[in-house]
Enquirer: 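This structure is in structure tokens; I'll ask about it shortly.
On a predicted model such as this, the values are computed, not experimentally measured, just so you know.
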Protein chains: 2
Amino acid sequence: MTDSLSAAPGASRPGGKRERLIAAAAETIYAAGVEKTTLADIAAAAGIPLGNVYYYFKTKDALVQAVVEAHLAEARTMLAAVDDAHEAPRERLKALFSALAQQSDLIARYGCPHGSLCQELGKRADGTPAAAELMREPVEWAERQFAAMGRPDARDLAVQVIARYQGTALLTSAFRDPGLMEAEARRVAQWIDALD
Amino acid sequence: MTDSLSAAPGASRPGGKRERLIAAAAETIYAAGVEKTTLADIAAAAGIPLGNVYYYFKTKDALVQAVVEAHLAEARTMLAAVDDAHEAPRERLKALFSALAQQSDLIARYGCPHGSLCQELGKRADGTPAAAELMREPVEWAERQFAAMGRPDARDLAVQVIARYQGTALLTSAFRDPGLMEAEARRVAQWIDALD
DNA sequence: GTCTATAGCCAGATAGAC
DNA sequence: GTCTATCTGGCTATAGAC
């Protein structure tokens with residue numbers, strides 16, 4: 001039995017072992033991919049014995065799911081921060097791309113973490129709907145910005161801008177060249193300013 | 001010993017077992033990913049006993065490498081066919097995108113096979129240089145077309161056009177919506193016509 | 001809640017008969 | 001060249017002491 005201050009396995013206290021496991025899993029999976037990452041790798045990165053992982057997650061898939069949800073939560077936080085920092089949708093869109101481009105060195109090594117997860121989990125038979133959310137939510141956020149700019153084709157523009165980022169991330173990673181992402185961020189900023 | 005008409009393991013005769021293995025591996029890996037695909041899966045898909053695979057490929061990695069090279073060879077054939085079919089670089093670029101968009105249903109299910117391979121193999125420590133070629137060669141081909149159009153920024157435009165395709169392929173797959181790729185092909189055609 | 005030990009399975013790879 | 005049988009190691013997952 002656990003007292004009322006202890007976290008149940010499903011709960012998430014910052015700094016708790018569950019949180020540490022998810023963070024270690026996110027990093028390891030980002031660097032090596034879902035299938036190549038073993039629970040032993042994750043446990044070692046988190047400084048937790050292998051057997052203890054199963055107290056927090058019944059299966060590897062459950063941990064992967066938690067990683068996807070952690071990425072989603074982080075993405076929402078970032079989009080909300082951009083919303084708070086800027087009023088004008090144009091500035092918001094540029095701020096998002098600027099923030100993403102600041103990760104260009106990491107992207108050059110491992111690609112976009114959300115794109116990697118979508119690619120790998122998208123091949124599963126079940127579809128793993130949570131991974132698709134990693135794309136859907138940014139697209140819908142961008143759609144709201146373009147709509148606020150009065151664009152009737154807001155949805156198409158939103159898909160285009162996220163696709164540009166994802167495609168550039170893939171080439172940035174394939175060529176190990178962070179400059180590609182930085183150049184694209186500048187072009188997207190110009191493109192957004194030129195709209196209308 | 002083998003007589004002079006039999007293929008050595010390294011050679012590639014169309015319809016030979018080595019070719020069948022590579023084709024089966026390419027399909028299975030496209031659908032399930034490199035790490036999740038087992039040699040038993042590939043052998044079964046090719047109708048070849050598992051143990052016999054090792055006569056043609058010393059390791060799984062060697063077979064994966066052969067799959068990447070088969071994709072590269074196919075890509076070169078396709079680009080050469082586009083070169084033959086059209087003289088004008090503008091028409092060539094549109095023809096390439098049109099051909100890619102015709103795969104939209106497959107892409108909606110499994111993404112772009114080249115993009116998938118780059119993403120997965122790009123995480124390896126060695127870099128797996130052959131996978132990056134799957135991006136480099138189309139970019140260089142597109143660069144030649146833009147240069148032939150007299151564009152001084154041919155390289156940037158080439159990176160952009162391939163990135164647009166790859167990013168759209170990712171979203172097409174995440175949303176399981178072939179329409180995204182078809183819409184993008186139309187936009188790229190307009191964009192190319194509007195250049196200069 | 002935590003950790004050690006290990007079960008059970010399945011993958012890549014090999015041996016060797018044919 | 002082909003194929004069956006099998007080795008070996010590593011992975012997910014569990015059992016059970018503490």
Enquirer: For S116(B) and K123(A), does a side-chain donor sit closer than 3.5 Å to a side-chain acceptor?
Expert: yes
Enquirer: Quick one: F57(B) CZ to dT14(C) P, roughly how many Å, whole number?
Expert: 16 Å
Enquirer: Round to a whole Å and report the spacing from CD1 of I42(B) to P of dA11(C).
Expert: 12 Å
Enquirer: So does E27(A) have more than 12 non-hydrogen atoms from other groups sitting under 6.0 Å from CD?
Expert: no
Enquirer: Taking the basic N atoms (NZ, or NE/NH1/NH2) and the acidic carboxylate oxygens, is any pair closer than 4.0 Å for R144(A) and D83(A)?
Expert: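 Judged by the 4.0 Å cut-off on N to carboxylate O distance, R144(A) and D83(A) do not form a salt bridge.
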Enquirer: Picking from dC3(D), dT2(D), dG1(C), which would you name as closest to the side chain of Y56(B)?
Expert: dT2(D)
Enquirer: Specify the separation, in whole Å, of atom CG of L39(A) and atom P of dA7(C).
Expert: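 Taking CG of L39(A) and P of dA7(C), I get 20 Å after rounding.
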Enquirer: Given atom NZ of K60(A) and atom C1' of dG10(D), what is their separation to the nearest angstrom?
Expert: 12 Å
Enquirer: Distance check needed: dG1(D) P versus L21(B) CG, whole Å only.
Expert: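 Taking CG of L21(B) and P of dG1(D), I get 14 Å after rounding.
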Enquirer: N52(B) has an atom CG; how far is it from atom C1' of dA13(C), in whole Å?
Expert: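 From N52(B) CG to dA13(C) C1': 14 Å.
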Enquirer: Using atom CG of L50(B) as one end and atom P of dA5(D) as the other, report the distance to the nearest whole Å.
Expert: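 One finds 13 Å between P of dA5(D) and CG of L50(B), rounded.
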Enquirer: Name the closest nucleotide to the P49(B) side chain, picking from dT2(D), dT12(D), dT4(D).
Expert: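 Nucleotide nearest to P49(B)'s side chain: dT4(D).
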Enquirer: Establish, with yes or no, whether the OP1 or OP2 oxygen of dT2(C) is under 4.0 angstrom from a side-chain nitrogen or oxygen of Y55(A).
Expert: no
Enquirer: Just the rounded figure in Å: distance from C1' of dA11(C) to NZ of K36(A).
Expert: 13 Å
Enquirer: Could you state whether V161(B) and Y165(A) fall into the same hydrophobic cluster, counting links through intermediate Ile, Leu, Val, Met, Phe, Trp or Tyr residues with side-chain heavy atoms under 4.5 angstrom apart?
Expert: no
Enquirer: Please tell me which of Y54(A) and G47(B) maps to the more 5' nucleotide of DNA chain D, matching each residue to the nucleotide holding its nearest heavy atom.
Expert: G47(B)
Enquirer: For dA13(C), does either OP1 or OP2 sit under 4.0 Å from a side-chain N or O belonging to K58(B)?
Expert: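 For dA13(C), neither OP1 nor OP2 has a side-chain N or O of K58(B) closer than 4.0 Å.
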